[in-house]
Amino acid sequence: MKKILTTLTCAAILATTVSADFGRVEMGGGAWNQIPTGILSYTDAGSTGTYTSNEKEEQSMYAWMLIKHPIPIIPNLRLEYTTLKDNGVVSGSFKDFDVPGATTTGSLDITQYDVIPYYNLLDNTAWITLDLGLNLKVMETTYKVDGVNVPGIGGITAYEDTSSIIIPMGYVRARVEIPVTNIGIEADVKYISYAGNTVSDIRVKVDYTLAFIPVIQPGLEIGYRVQKFDLTSEDEKTKFNIDFSGVYAGLMIRF
């Protein structure tokens, strides 16, 4: 929560600084009640290990910021921050540890930073906005397992590993403003599929802007988001096949 507040504070300072030079600045943040499903598996020379999600609802935090400027040749910019969490059951043997009993507990913590340069194909033309761009999704994943045997360390201990990856994805966003109502309906898709790996991040939302407030206009947003990860490591020993889906809601500000 502290990290989210820090992110939003920095975004607000940046927005105040650039709002005089750019056409529009928007930002928002809130909570995503998502349910994880799926498994992480490892196979090597007869050894097999699995992490299976408990499929219990988790509350994640998110924040976003959009900067639009009037220079056509330079892309606009959207920034996003999302946290994900999952708890599950671990069994078998992995590269760096093995489970001494039948099963033990584990967890996944994923922090995502999305950097999205994009162009407006339509900019509120007949109340329709259409954006097309590139999404660079930076993922920091921390994997924790309790009560395992780690080679070189005596006895039963906990294991923790953190890894980072950058995933380039296509990005498209469509928005319709309903005249007179201050209501907007919006959807965006981030997607890539390559060499048997597929990642998608899809959102649909409805928002309401308090347009009668001058200069800084607050608003509310509610939507549904689905992230799907189907990834295989280069050595094909590790497979990550987990989905996150659920309703999100938050506050937004338009400058």
Side-chain angles (χ1 to χ4, degrees), residues 1-4 6-7 31-62 80-114 136-169 190 192-201 225-246:
M1 186 65 181
K2 183 178 179 181
K3 194 170 184 179
I4 288 291
T6 302
T7 302
W32 179 19
N33 291 332
Q34 47 83 18
I35 300 177
T37 60
I39 64 171
L40 183 156
S41 62
Y42 176 80
T43 303
D44 181 28
S47 297
T48 301
T50 59
Y51 166 93
T52 305
S53 171
N54 283 334
E55 300 186 5
K56 294 183 178 179
E57 185 176 80
E58 300 282 350
Q59 187 173 88
S60 304
M61 308 304 294
Y62 73 90
E80 298 178 1
Y81 171 85
T82 309
T83 62
L84 293 170
K85 184 175 178 61
D86 181 42
N87 293 290
V89 177
V90 184
S91 62
S93 299
F94 288 77
K95 177 182 178 181
D96 299 316
F97 66 87
D98 62 82
V99 179
T103 63
T104 187
T105 57
S107 67
L108 285 172
D109 289 279
I110 303 174
T111 301
Q112 296 180 27
Y113 304 91
D114 290 85
L136 298 176
K137 184 180 288 291
V138 181
M139 291 179 54
E140 295 181 356
T141 303
T142 299
Y143 180 46
K144 299 178 182 179
V145 187
D146 299 318
V148 296
N149 290 317
V150 179
I153 300 178
I156 305 300
T157 186
Y159 174 84
E160 179 176 334
D161 180 62
T162 299
S163 61
S164 299
I165 185 174
I166 300 177
I167 304 174
M169 307 172 69
K190 309 180 186 85
I192 188 172
S193 183
Y194 177 76
N197 296 289
T198 301
V199 179
S200 62
D201 187 352
R225 184 175 186 178
V226 179
Q227 286 194 4
K228 294 180 177 290
F229 299 95
D230 187 359
L231 301 171
T232 302
S233 63
E234 291 185 1
D235 59 11
E236 298 187 349
K237 295 178 181 180
T238 303
K239 294 185 177 182
F240 183 83
N241 192 339
I242 296 182
D243 303 343
F244 300 87
S245 61

E55 side, atom CD; D243 side, atom CG - distance, nearest 0.5 Å = 10.0 Å
key: Set of residues satisfying salt bridge (Lys or Arg N to Asp or Glu O under 4.0 Å) with respect to D201, sequence neighbours excluded   = K137, K190, R225
ask   = Donor-acceptor pair, T83 side chain versus M61 backbone, under 3.5 Å?
value = yes
ask   = side-chain contact (heavy atoms from CB on, under 4.5 Å) with K144: which residues, sequence neighbours excluded?
value = S107, T142, E160
Residue of the set T232, L108, V199 for which side chain to side chain contact (heavy atoms under 4.5 Å, CB included) holds with F240 = L108
key: Donor-acceptor contact below 3.5 Å, side chain S53 vs main chain P36   = yes
message = I'd like to check the ring pair (Phe, Tyr, Trp, His ring centres under 6.0 Å) partners of F244; sequence neighbours left out, ordered by chain and number.
response = none
remark   = To the nearest 0.5 Å, atom CD of Q59 lies from atom CG of N33 at 5.0 Å
message = Please report the interatomic distance CG(L231) to CD1(I242), rounded to the nearest 0.5 Å.
response = 10.0 Å
Side-chain donor or acceptor of S233 paired with backbone N/O of T238 under 3.5 Å = yes
task = Applying side-chain contact (heavy atoms from CB on, under 4.5 Å), run through Y81 and T111 and close with a yes or a no.
result = CA-CA 8 Å; Y81 171 85; T111 301; 3.7 Å; yes
query = Which atom pair, heavy atoms only, marks the closest approach of S245 to V226?
reply = CB-CG2, 3.8 Å
key: Under 3.5 Å: donor-acceptor pair, side chain of N54, backbone of K56   = no
request  = Answer with yes or no whether the side chains of Q227 and Q34 bring together a donor and an acceptor at under 3.5 Å.
outcome  = no
message = Between T198 and D230 (side chain of the first, backbone of the second, donor and acceptor by atom type, cut-off under 3.5 Å), is there such a pair?
response = no
Residues that D109 engages under salt bridge (Lys or Arg N to Asp or Glu O under 4.0 Å), provided they are two or more places apart = K85
key: Closest non-hydrogen atom pair between P100 and V148, with its separation   = CD-CA, 3.8 Å
message = So, taking the atom named OG1 in T105 and the one named CG in D146, what distance separates them when rounded to the nearest 0.5 Å?
response = 4.0 Å
request  = Would you please test D44 and K95 for side-chain contact (heavy atoms from CB on, under 4.5 Å) and show each step?
outcome  = CA-CA 8 Å; D44 181 28; K95 177 182 178 181; over 6 Å; no
query = Rounded to the nearest 0.5 Å, how far apart are CG of N241 and NZ of K228?
reply = 9.0 Å
ask   = Does atom CD of E57 have more than 12 heavy-atom neighbours from other groups under 6.0 Å away?
value = yes
note = In terms of heavy-atom contacts, Y51 and F94 come closest through N-CZ, 4.1 Å
query = Could you go step by step and tell me if I156 and N149 meet the side-chain contact (heavy atoms from CB on, under 4.5 Å) rule?
reply = CA-CA 5 Å; I156 305 300; N149 290 317; 3.1 Å; yes
Close side-chain approach of Y143 and V90, heavy atoms under 4.5 Å = yes
message = Going by the rule salt bridge (Lys or Arg N to Asp or Glu O under 4.0 Å), which residues pair with D161 if we only count those two or more places apart in sequence or in a different chain?
response = none
inquiry  = On a heavy-atom basis, which atom in A102 and which in S91 lie closest, and how many Å separate them?
reply    = O-CB, 3.3 Å
message = Going by ring-ring contact (aromatic ring centres under 6.0 Å, His included), name the pairs with one or both residues in residues 145-164, residues two or more places apart or in two chains.
response = F97-Y159
remark   = In this structure, CD1 of I35 is separated from CD of E58 (nearest 0.5 Å) by 10.0 Å
